[in-house]
Amino acid sequence: MEDKYNGPHGLEDSVEHKFTTALQCMMECAAMDREFFKWLAAQSNKYVRAQMIAKNRPLYCCIKWKNITAQEMIQFFGILLCMSMEPHKMGRYESYFSNSPHVLLGKRCSVGLRGFGCWAKQIMTLS
């Protein structure tokens, strides 16, 4: 596939001094600014409300729905970004939120995972 863009490439000079985290980099250098996350939160809330109306239910996944804020959406995206950069080989998403993550190896056997910090629960709860 041929690259049809002939304009300048790469980051502007000294842009690397505008951020210290991968999420800040995405918000500074991509089209994922605060307005994007406001829009994403609004669309997510709109979707949930439509699902509740369609199913004629006052709850969503058995809980009373509280609208997602842009800040919560940014935090969630930041957690997903960090997870993708430091993947746990075992334990699934719960291992990022649990004090003592375990992996089920059968119906009655589980193994505790060591060396995995539960840093995500300090930012946001899983439920």
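Sequence positions, counted from 1, serve as the residue numbers for this chain. Note that these values count all heavy atoms, side chains included, but never hydrogens, waters or copies made by symmetry.
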Asks: A side-chain contact here means heavy atoms from C-beta on lying under 4.5 Å apart; do Y47 and N45 qualify?
Replies: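 A side-chain contact is absent here, since even the closest heavy-atom pair is not under 4.5 Å.
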Asks: Distance from L40 atom CG to F76 atom CZ, nearest 0.5 Å?
Replies: 9.5 Å
Asks: Between M32 and F37, which heavy-atom pair has the shortest distance, and what is it?
Replies: O-CE1, 3.4 Å
Asks: Kindly indicate whether the side chain of R34, heavy atoms from C-beta on, has any atom under 4.5 Å from the side chain of M73.
Replies: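 Not in contact.
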Asks: Distance check, rounded to the nearest 0.5 Å: Q75 atom CD versus I68 atom CD1?
Replies: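 If we round to the nearest 0.5 Å, Q75:CD and I68:CD1 are 12.0 Å apart.
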Asks: How close do K38 and A70 get, heavy atom to heavy atom, and via which atoms?
Replies: CG-CB, 3.7 Å
Asks: Does one hydrophobic cluster hold both I63 and I53, with members joined at side-chain heavy-atom distances below 4.5 Å?
Replies: no
Asks: As a quick check of understanding, evaluate side-chain contact (heavy atoms from CB on, under 4.5 Å) for K66 and E72, giving each step before the final call.
Replies: CA-CA 11 Å; K66 181 181 154 220; E72 289 169 330; 4.0 Å; yes
Asks: Flag yes if more than 12 heavy atoms outside R57 fall under 6.0 Å of its CZ atom; otherwise flag no.
Replies: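 For R57, atom CZ is not crowded (no more than 12 foreign heavy atoms under 6.0 Å).
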